[in-house]
J.: 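Just dropping this structure here.
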Amino acid sequence: MGPIRRRLIWGAALLSPTSAFAEVCSQERPSWDGLPVTALGEFLILMQTPVVLLLIVVTALVIRFRSEWGGLIVVVGWSLSTYLVIDWAGTNPIRTSAINEGCIGNPALFIVVAAAVCIGVVLYTAPLKRGNKSGDQ
């Protein structure tokens, strides 16, 4: 069991994040200061992307004019932005190593806020129930 354990320990040491992965963070987040990014920090970074800023403006317009079709477009937009911003499958090796290094944080807060915006838009832009004007019930 000694040689197998030794190989496992060396394999784990080679897979752990080291300074060789630090150049990944300089590509992904050039202004990263070396401290691990928190969930709130990642939320703020993701909310500043151009797509999300455009969605915030369009969401405000949809809520202002209470548009049902606009609400549908906004919900699809928020869903797509969440999918595109977050690497769900973990297939991007650069992003995965940046997460291991600490320059990309947990996106859970962004996902929760995007879901809450979608739910709020759907509920707010839902058609209003109106009384039957013909008098039949």
J.: Please evaluate residues R29 and E101 with respect to the criterion salt bridge (Lys or Arg N to Asp or Glu O under 4.0 Å), reporting the C-alpha separation (whole Å), side-chain torsions for both, the decisive distance (0.1 Å), and the verdict.
T.: CA-CA 11 Å; R29 303 268 167 88; E101 191 67 29; over 6 Å; no

J.: How close do E42 and G105 get, heavy atom to heavy atom, and via which atoms?
T.: OE1-N, 2.9 Å

J.: Taking C-beta and beyond as the side chain, do F43 and L40 meet within less than 4.5 Å on heavy atoms?
T.: yes

J.: To the nearest 0.5 angstrom, please state how far the CG atom of L55 sits from the OG1 atom of T49.
T.: 8.5 Å

J.: As a quick check of understanding, evaluate side-chain contact (heavy atoms from CB on, under 4.5 Å) for V75 and V122, giving each step before the final call.
T.: CA-CA 8 Å; V75 168; V122 167; 3.7 Å; yes

J.: Please tell me whether T59 and W78 have a donor and an acceptor in their side chains that are separated by less than 3.5 angstrom.
T.: yes

J.: Could you tell me the separation between the CG atom of L123 and the SG atom of C118, rounded to the nearest 0.5 Å?
T.: 11.0 Å

J.: Same cluster or not: V117 versus I73, using hydrophobic residues (I, L, V, M, F, W, Y) connected whenever any side-chain heavy atoms lie under 4.5 Å apart?
T.: no

J.: Treating Ile, Leu, Val, Met, Phe, Trp and Tyr as nodes and any side-chain heavy-atom pair under 4.5 angstrom as an edge, say whether L109 and I56 lie in one connected cluster.
T.: yes

J.: Measuring from atom CG of N92 to atom CD of E28, what distance do you get when rounded to the nearest 0.5 angstrom?
T.: 6.5 Å

J.: On a heavy-atom basis, which atom in T82 and which in A114 lie closest, and how many Å separate them?
T.: OG1-CB, 3.5 Å

J.: Taking V24 as the starting point, is it possible to reach I104 by hopping between hydrophobic residues whose side chains are less than 4.5 Å apart?
T.: no

J.: Roughly how far, to the nearest 0.5 Å, is OG of S31 from CD1 of I45?
T.: 7.0 Å

J.: Could you walk me through whether W69 and V62 satisfy the side-chain contact (heavy atoms from CB on, under 4.5 Å) test, starting with their C-alpha distance in whole Å, then the side-chain angles of each, then the deciding distance to 0.1 Å, before giving a yes or no?
T.: CA-CA 9 Å; W69 288 103; V62 164; over 6 Å; no

J.: Does the side chain of V37 come within less than 4.5 Å of W32's, by heavy atoms?
T.: yes

J.: Do R66 and Y124 come within less than 4.5 Å of each other through their side chains, counting heavy atoms only?
T.: yes

J.: Is it the case that one hydrophobic cluster holds both L54 and V113, taking links as side-chain heavy atoms less than 4.5 Å apart, direct or via other members?
T.: yes

J.: Does one hydrophobic cluster hold both L72 and V58, with members joined at side-chain heavy-atom distances below 4.5 Å?
T.: no

J.: Does any part of the side chain of L46, heavy atoms only, come nearer than 4.5 Å to the side chain of P107, both counted from C-beta?
T.: yes

J.: Going through the checks in order, is the side-chain contact (heavy atoms from CB on, under 4.5 Å) test met by M47 and F110?
T.: CA-CA 8 Å; M47 289 299 282; F110 177 77; 3.7 Å; yes

